[in-house]
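Computed from a prediction, not measured in an experiment: that's the story for all the values here. In what follows, every heavy atom counts, from backbone to side chain, and hydrogens, waters and symmetry copies are set aside.
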Amino acid sequence: QVQLVESGGGLVQAGGSLRLSCAASGRTDIAYGMAWFRQAPGKERVFVASISWSGRTTHYADSVKDRFTISRDDAKKMVYLQMNSLKPEDTAVYYCAASRVLNPPPAPGNYAYWGQGTQVAVSS
């Protein structure tokens with residue numbers, strides 16, 4: 001299996017930027033589709049962005065399209081989420097997830113491996 005550790009969260013003002021990182025370890029010799037999800041207090045965990053095993057296909061939630069960019073560097077075993085033009089409604093715990101499906105659909109059930117999350121807070 002693969003272990004995931006997120007970093008890069010923090011407090012930022014509206015309009016600012018953050019880059020989240022996800023470090024993978026363990027069975028990284030297996031190809032995975034990767035994604036970011038987020039969960040705000042009192043709400044369910046929702047899809048943010050995904051990237052296929054090859055890196056050639058990405059998907060975004062409508063709420064973050066044109067503001068967030070997901071990328072991966074397999075040589076470094078890293079996945080990133082560049083977040084620009086942040087809004088207070090982006091405040092949540094952000095989770096990195098890995099799927100054995102090479103181009104996984106956005107539902108959380110498609111992802112077998114999860115990190116512990118990193119907190120992002122956007123002030124108005």
Working note: Thr69 + Tyr60, criterion side chain to side chain contact (heavy atoms under 4.5 Å, CB included); need CA distance, chi angles, decisive distance, verdict. CA-CA 8 Å; Thr69 302; Tyr60 296 93; 3.8 Å; yes

Asn103/His59 under side chain to side chain contact (heavy atoms under 4.5 Å, CB included): CA gap, chis, key distance, verdict: CA-CA 10 Å; Asn103 186 13; His59 298 283; 3.8 Å; yes

Walk me through it: do Phe68 and Val48 pass the test side chain to side chain contact (heavy atoms under 4.5 Å, CB included)? CA-CA 9 Å; Phe68 291 10; Val48 174; 3.8 Å; yes

Worked verdict on Asn84 versus Ser17 for side chain to side chain contact (heavy atoms under 4.5 Å, CB included): CA-CA 4 Å; Asn84 299 328; Ser17 298; 3.0 Å; yes

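From Leu81, atom CG reaches atom OG of Ser21 across 9.5 Å, with rounding to the nearest 0.5 Å. Atom CD of Gln13 sits about 9.5 Å away from atom OG of Ser124, to the nearest 0.5 Å. Here the CD atom belonging to Gln82 is positioned 7.0 Å from the CZ atom belonging to Arg19, to the nearest 0.5 angstrom. Expressed to the nearest 0.5 Å, how far CZ of Arg27 lies from CD of Gln3 amounts to 11.0 Å.
Between Val120 and Met83 the shortest heavy-atom distance is CG2-CE, 3.9 Å. Shortest non-hydrogen contact noted between Ala24 and Leu4 is CB-CD2, 3.9 Å. Residues Leu18 and Gly8 come closest through the heavy atom pair CD2-O, 3.8 Å. Arg67 approaches Ser85 most closely through the heavy-atom pair NH1-O, 2.9 Å. Residue Arg38 comes nearest to Ala92 through the heavy atom pair CB-CB, 3.8 Å, listed as atom of the first residue, atom of the second, then distance. Contact record, Ile70 with Ser50: CG2-O, 3.6 Å, taken as the closest heavy-atom pair.
No donor-acceptor distance shorter than 3.5 angstrom exists from the side chain of Thr118 to the backbone of Tyr94, with no hydrogens or angles considered. At distances below 3.5 Å, not a single donor-acceptor pair connects side-chain atoms of Thr91 with backbone N or O atoms of Ala121. Glu6 places a side-chain N or O within donor-acceptor distance of the main-chain N or O of Cys96, the cut-off being under 3.5 Å. When atom types are taken as modelled, the side chain of Asp74 and the backbone of Lys77 share no donor-acceptor pair closer than 3.5 angstrom.
In this structure, Tyr113 and Tyr32 have perpendicular ring planes: the angle between them is above 60°, well past the 30° mark. In this pair, Trp114 and Phe37 present their aromatic rings tilted. The plane angle is within the 30 to 60° band.
Side-chain atoms of Asn110 and Ser99 form no donor-acceptor pair, as typed in the model, at a separation below 3.5 Å.
Residues Val93 and Val64 are members of separate hydrophobic clusters, defined by side-chain heavy-atom contacts under 4.5 angstrom among Ile, Leu, Val, Met, Phe, Trp and Tyr. No continuous path of hydrophobic side-chain contacts links Phe47 to Val79 [ILVMFWY only; heavy atoms under 4.5 Å].
Within the 4.5 Å cutoff, side-chain heavy atoms of Trp36 are placed close to those of Cys22.
Asp62 has a carboxylate O that lies under 4.0 Å from a charged side-chain N of Lys65, or vice versa, which qualifies the two as a salt bridge.
No more than 12 heavy atoms of other residues, nucleotides or ligands shown are found within 6.0 angstrom of NZ on Lys43.
Tyr80 does not carry Arg72 over the face of its six-membered ring by the limits of under 6.0 Å from the centre and within 45° of the normal.
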